[in-house]
**Student:** 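Input: one structure, supplied below.
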Amino acid sequence: MAMISTSNYLLDQAKRRFTPTPNTIPGMGLVEKRLMEREWQQFVLAEPPAGSGLKPVMGDSGLPIIGHMIEFFRGGPDFVLEVYRKYGPIHYQQTPALRSVLALGPDATQAVFANRNKEFSQRAWDPLIGPFFERGLMLLDFDEHMFHRRIMHEAFTRTRLSGYVGHIDSVATQVVANDWVVNDPRFLFHPAAKELALDIASVVFMGHQAGTDHALVTTINQAFTTTTRAGNAIVRKPVRPLTWWRGLEARKTLEDYFSARVAEKRSGNGTDMFSVLCHSEDEDGQRFTDADIVAHMIFVMMAAHDTSTSTMTTMAYHLAANPEWQERCRDESARIGDGALDIEALEKLETYDLVINESLRMTTPLPMNFRRAVRDIDLLGYYIPAGTDVVTWPSMNHRLPELWTDPDRFDPDRFAEPRSEHKRHRYAFAPFGGGAHKCIGMVFGQLEIKTVMHRLLRKYRLELIRPGYKPRYDYGGMPVPIDGMPIMLRPLH
Ligand code: HEM
């Protein structure tokens, strides 16, 4: 997923005003703590129909105009955990910027993701990212979504994934060895990983040859970055030359790029994802139109790169902070050696699986998921009127002490037998979502992350820039390390 942001002008103002200063490090500042401790005046979202037996949803507005944005941007899932503790699983928050019911805890997450009665639609994503990613798979609903998902599935079968791994590996090996700066505390892991993820995408998704088409690849990568950032715009209208307008222009650049190449891809037999989508069909022989392919490519590229970048960055930090886990991963990497990678080799990296899961638990790339009630509904016994936006928070569930032992501790073994803490509830651990819209690129993402981290650990020891260094995050959209996450790469040989 991209930098999905709930921000508009007001939110951005709040965020700017409260950009953390060294005085507020570590954790939250005094203002946020005070706000979180405050009791807000509660009111009823809507009275349940007489005789329904449903409870009304209570809520509050927080501070005038900016609502709870200060606590939200600075605390992210910790703030939401506070809400859960105070008010229970269903709580309404109303500000001019954002009005939504928070559906918290694993049971609420399950009800929303499972969506048994088809009560929740994806339309709540529209105000956030709709104009830039329209007709992307995640923005489709119900039967139409299933129709598209079945065709797209063809691009994610094991055979297809095997084909992608070699390409991912060749780009990762080259970039990590030659482009990343060693022995320098100014090396910032997050932007470097993001650039690498885009380079990988240009080869694996679009079919460029690694190291060629440099100017074109740069243009397209920039267009992706612009489109993705546009969701954070302060002025959310196409006013030249502001962010929203630039996002729409960048979307046009991407549409032109993909549209101009569909015919060529349809007639070729490439193994990149663009070519695969051109040839994919479901069991009934149904295929994508040209316009579908363009929309899906733009969405998939967006969905793939910020999420993987975030996970690699979190993982690099925890491995640097926990050298014993770094060594465990490196030992495992030593067993598969420096030969070309394939899925079978990557599957042997089981310690990496534990560390990836623990990284996704501690810093969940897509912390919350948006849905809209398509009719009046009963959510865990509460009355939700039609049209209400409902936001579920897997990242908060990932911090619940009732599900996880000592949740603030980096402890990858919690995912291994016999502890298997992620099995304590079906939705205890849901970094990839669940139900019909569960991430279709989950395995792809895991393979990409393992490939990059394997290549990295074979070459370098990862060190913190100073003992006790802890990253701070901006939770305005996806959690992004405010300082870019400096990590020291020490060559092993
Ligand atoms: C660590 C990496 C990743 C994470 C944490 C992640 C997370 C998610 C989540 C939570 C959703 C569900 C959103 C919702 O229900 O509203 C989702 C959907 C999706 N993801 Fe991922 N994702 C990752 C990597 C990828 C990759 C690598 C790709 C493509 C290659 C991808 C493609 C998609 C697509 C197409 C959807 C929409 C699925 C649908 O609506 O049917 N993701 N992802």
Side-chain angles (χ1 to χ4, degrees), residues 1-2 4 103 109-110 112-115 120-126 128-129 133 135-153 155-157 160-161 164-165 167-168 193 197-198 200-201 204-206 272-274 276-277 292 295-315 352-353 355-372 389-395 397-398 427 429-453 478-479:
M1 299 290 91
I4 292 153
T109 304
Q110 174 157 7
V112 173
F113 277 147
N115 199 7
F120 295 106
S121 104
Q122 302 295 107
R123 298 280 56 81
W125 287 109
D126 290 348
L128 307 171
I129 57 169
F133 297 103
R135 306 287 303 157
L137 187 64
M138 195 185 78
L139 303 187
L140 302 179
D141 268 324
F142 308 123
D143 289 348
E144 185 183 35
H145 166 254
M146 282 319 291
F147 173 82
H148 282 253
R149 184 153 169 137
R150 273 199 205 102
I151 304 177
M152 192 182 283
H153 183 257
F156 291 93
T157 58
R160 293 297 184 190
L161 292 170
Y164 306 141
V165 167
H167 295 307
I168 296 173
L198 281 170
I200 290 174
V204 178
F205 290 20
M206 298 189 278
D272 56 274
M273 199 172 285
F274 189 7
V276 173
L277 289 185
D292 291 338
H296 288 316
M297 280 307 297
I298 294 174
F299 183 83
V300 167
M301 293 262 318
M302 180 280 279
H305 81 264
D306 273 346
T307 45
S308 306
T309 302
S310 166
T311 315
M312 289 189 263
T313 307
T314 311
M315 198 172 161
Y352 282 68
D353 288 322
V355 175
I356 290 172
N357 281 347
E358 185 65 338
S359 302
L360 288 166
R361 184 188 70 81
M362 295 189 80
T363 309
T364 309
L366 197 55
M368 64 273 200
N369 304 83
F370 292 79
R371 299 289 189 268
R372 185 167 293 163
D389 285 353
V390 176
V391 187
T392 188
W393 278 79
S395 58
N397 302 340
H398 297 164
Y427 280 83
F429 185 60
F432 294 100
H437 288 274
K438 184 169 181 180
C439 180
I440 200 171
M442 179 175 81
V443 180
F444 181 104
Q446 290 161 335
L447 294 171
E448 178 179 9
I449 293 161
K450 276 187 177 179
T451 303
V452 171
M453 297 310 286
M478 283 188 159

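Read the numbers this way: they start at 1 and go in the same order the structure lists the ligands and their atoms.
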**Student:** Is it true that Thr109 and Asn397 share a donor-acceptor pair across their side chains at a distance under 3.5 Å?
**Tutor:** yes
**Student:** Select one of side chain, backbone, both or neither to describe which atoms of His437 lie under 4.0 Å from any atom of ligand 1, heavy atoms only.
**Tutor:** both
**Student:** I'd like to know if the side chain of Thr364 and the backbone of Ser395 have a donor-acceptor N/O pair within less than 3.5 Å.
**Tutor:** no
**Student:** Pull out every atom of ligand 1 sitting under 4.0 Å from any heavy atom of Ile440, numbered as shown with elements.
**Tutor:** 34 (C), 35 (C)
**Student:** For Gln446, which part has a heavy atom under 4.0 Å from ligand 1: side chain, backbone, both, or neither?
**Tutor:** neither
**Student:** Considering both backbone and side-chain atoms of Arg149, is one of its nitrogen or oxygen atoms within less than 3.5 Å of a nitrogen or oxygen in ligand 1?
**Tutor:** yes
**Student:** Can you tell me if Arg371 contacts ligand 1 (heavy atom of the residue under 4.0 Å from the ligand)?
**Tutor:** yes
**Student:** Return the option from Gly434, Gly435, Gly136, Cys439 holding the heavy atom at the smallest distance from atom 43 (N) of ligand 1.
**Tutor:** Cys439
**Student:** Using a strict cut-off of less than 4.0 Å between a Lys/Arg side-chain nitrogen and an Asp/Glu carboxylate oxygen, indicate whether Glu144 and Arg149 qualify as a salt bridge.
**Tutor:** no
**Student:** Suppose I only count heavy atoms of Gln122 and a 4.0 Å limit; which atoms of ligand 1 are within that range?
**Tutor:** 16 (O)
**Student:** Any N/O of Lys438 closer than 3.5 Å to an N/O of ligand 1?
**Tutor:** no
**Student:** Could you give me the CA-CA distance, side-chain angles and deciding distance for Phe444 and Met273, then say whether side chain to side chain contact (heavy atoms under 4.5 Å, CB included) is met?
**Tutor:** CA-CA 11 Å; Phe444 181 104; Met273 199 172 285; 4.2 Å; yes
**Student:** Any side-chain to backbone donor/acceptor pair from Thr363 onto Ser359? Under 3.5 Å, distance only.
**Tutor:** no
**Student:** Would you mind listing which atoms of ligand 1 come within a distance below 4.0 Å of any non-hydrogen atom of Ala436?
**Tutor:** 41 (O)
**Student:** For ligand 1, which atoms, with element, lie under 4.0 Å from some heavy atom of Pro431?
**Tutor:** 5 (C), 7 (C), 10 (C)
**Student:** Check whether His437 reaches the backbone of Gly433 with its side chain - one donor and one acceptor, N or O, closer than 3.5 Å.
**Tutor:** no
**Student:** Looking at ligand 1, does any of its N/O atoms fall within less than 3.5 Å of an N/O of Ser308?
**Tutor:** no
**Student:** Identify the residue among Leu128, Asp389, Val112 that makes a side-chain contact (heavy atoms from CB on, under 4.5 Å) with Phe370.
**Tutor:** Leu128
**Student:** Which one of Met273, His296, His145 has a non-hydrogen atom at the shortest distance from atom 39 (C) of ligand 1?
**Tutor:** His145
**Student:** Which is closest to atom 32 (C) of ligand 1 in terms of heavy atoms, Gly433, Ser359, Ala303?
**Tutor:** Ala303
**Student:** For ligand 1, which part of Tyr164 has a heavy atom less than 4.0 Å away: the side chain, the backbone, both, or neither?
**Tutor:** neither
**Student:** Heavy-atom distances under 4.0 Å are what count here, so tell me which part of Glu448 touches ligand 1: side chain, backbone, both or neither.
**Tutor:** neither
**Student:** Using a strict threshold of under 4.0 Å (side-chain N to carboxylate O), is an ion pair present between Asp141 and Arg123?
**Tutor:** yes
**Student:** Numbering the atoms of ligand 1 from 1, which are under 4.0 Å from a heavy atom of Trp125?
**Tutor:** 16 (O)
**Student:** Taking the six-membered ring for Trp, are the ring centroids of Phe205 and Phe274 within less than 6.0 Å of each other?
**Tutor:** no
**Student:** List every atom of ligand 1 that sits less than 4.0 Å from any heavy atom of Phe156, numbering the atoms from 1 in the order shown and giving each element.
**Tutor:** 30 (C)
**Student:** Checking contacts here: is it the side chain or the backbone of Leu366 that comes within 4.0 Å of ligand 1, counting heavy atoms only? Could be both or neither.
**Tutor:** side chain
**Student:** Numbering the atoms of ligand 1 from 1, which are under 4.0 Å from a heavy atom of Phe205?
**Tutor:** 30 (C)
**Student:** With distance as the sole test, does Thr314 use its side chain to make a donor-acceptor pair with the main-chain N or O of Ser310 at under 3.5 Å?
**Tutor:** yes
**Student:** Under 30°, 30 to 60°, or over 60°: which ring-plane class applies to Phe429 and His398, parallel, tilted or perpendicular?
**Tutor:** tilted
**Student:** Suppose I only count heavy atoms of Thr311 and a 4.0 Å limit; which atoms of ligand 1 are within that range?
**Tutor:** 1 (C)
**Student:** Can you check side chain to side chain contact (heavy atoms under 4.5 Å, CB included) on Leu137 and Ile440, steps first, answer last?
**Tutor:** CA-CA 10 Å; Leu137 187 64; Ile440 200 171; 4.3 Å; yes
